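Just dropping this structure here.
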Amino acid sequence: KRKSFKIKCKFQCRPRTKFGEAVPGDDQILICKGNLDRYGKNNDYTADVILHEIAHTCGWMHGDGGGVPEPGGCDS
């Protein structure tokens, strides 16, 4: 059970459509702030990206469900 996370911000990530990344079991996530800004994403979307990446650090993978925010809505 995690008690804290580190959020690192990077202005530009490749590809430019990438908004964040995380590694299962790690205690930090990367948010690609410049990419979010470039595509006009608001703070609510950024919060969803943060939750999505934190879920990855807990072992969640795309398609696992659980209500984790996904680019097109929640993964049910």
Side-chain angles (χ1 to χ4, degrees):
K1 196 173 197 182
R2 300 214 187 279
K3 295 187 184 230
S4 65
F5 291 91
K6 295 175 191 166
I7 299 175
K8 292 192 173 192
C9 292
K10 186 174 180 181
F11 181 72
Q12 185 174 350
C13 301
R14 299 224 185 257
R16 289 184 172 191
T17 54
K18 177 189 259 185
F19 298 131
E21 66 181 42
V23 175
D26 204 351
D27 68 347
Q28 68 182 17
I29 63 172
L30 173 69
I31 299 300
C32 304
K33 185 65 175 133
N35 292 4
L36 287 162
D37 292 345
R38 181 177 297 106
Y39 286 94
K41 302 302 183 185
N42 63 24
N43 289 338
D44 289 340
Y45 192 92
T46 301
D48 284 350
V49 170
I50 291 169
L51 291 172
H52 178 102
E53 298 306 334
I54 287 173
H56 281 308
T57 69
C58 295
W60 176 86
M61 300 304 284
H62 294 186
D64 283 353
V68 173
E70 284 279 1
C74 283
D75 188 16
S76 324

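In this text, all values refer to a predicted model and were calculated from it rather than measured experimentally. By convention here, the first residue in the shown sequence is residue 1.
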State plainly whether one hydrophobic cluster holds both Leu36 and Leu51, where clusters connect Ile, Leu, Val, Met, Phe, Trp and Tyr through side-chain heavy atoms under 4.5 angstrom apart.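 Leu36 and Leu51: separate clusters.
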Evaluate whether atom CG of Asn42 has more than 12 neighbouring non-hydrogen atoms of other residues, nucleotides or ligands under 6.0 angstrom away.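 Yes, CG of Asn42 has more than 12 neighbouring heavy atoms, counting only those of other groups under 6.0 Å.
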Please report the closest heavy-atom contact between Gly59 and Asp64, naming both atoms and the distance.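 Closest approach of Gly59 to Asp64: O-OD2, 4.1 Å.
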Working to the nearest 0.5 angstrom, can you tell me the gap between Thr46 OG1 and Lys41 NZ?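 The distance works out to 9.5 Å.
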On a heavy-atom basis, which atom in Gln28 and which in Lys8 lie closest, and how many Å separate them?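 Here Gln28 and Lys8 meet closest at OE1-CE, 3.2 Å.
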Can you name the nearest heavy-atom pair linking Cys9 to Leu30, along with the distance?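 Residues Cys9 and Leu30, closest heavy atoms: C-CD1, 4.2 Å.
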Heavy atoms only: give me the nearest Cys13-Asn35 pair and the separation to one decimal.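 Between these two residues, the closest heavy atoms are O-ND2, 3.1 Å.
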So, taking the atom named CD1 in Ile29 and the one named NE2 in His52, what distance separates them when rounded to the nearest 0.5 Å?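 Nearest 0.5 Å value for the CD1-NE2 distance: 10.0 Å.
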What heavy-atom pair brings Lys18 and Glu21 nearest, and what distance separates the two atoms?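 Looks like NZ-OE1, 2.5 Å.
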Quick check, are the ring centers of Phe19 and Tyr45 under 6.0 angstrom apart?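 Ring-ring flag for Phe19/Tyr45: true, centres closer than 6.0 Å.
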Applying the 4.5 Å side-chain criterion to the ILVMFWY set and letting contacts propagate, would Ile50 and Phe5 be lumped into a single cluster?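 Linked within one cluster.
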Exercise: identify the closest heavy-atom pair between Gly20 and Cys32: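 Looks like N-SG, 4.0 Å.
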Are the side chain of Trp60 and the backbone N or O of Gly65 linked by a donor-acceptor pair below 3.5 Å?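 Such a contact is found between Trp60 side chain and Gly65 backbone.
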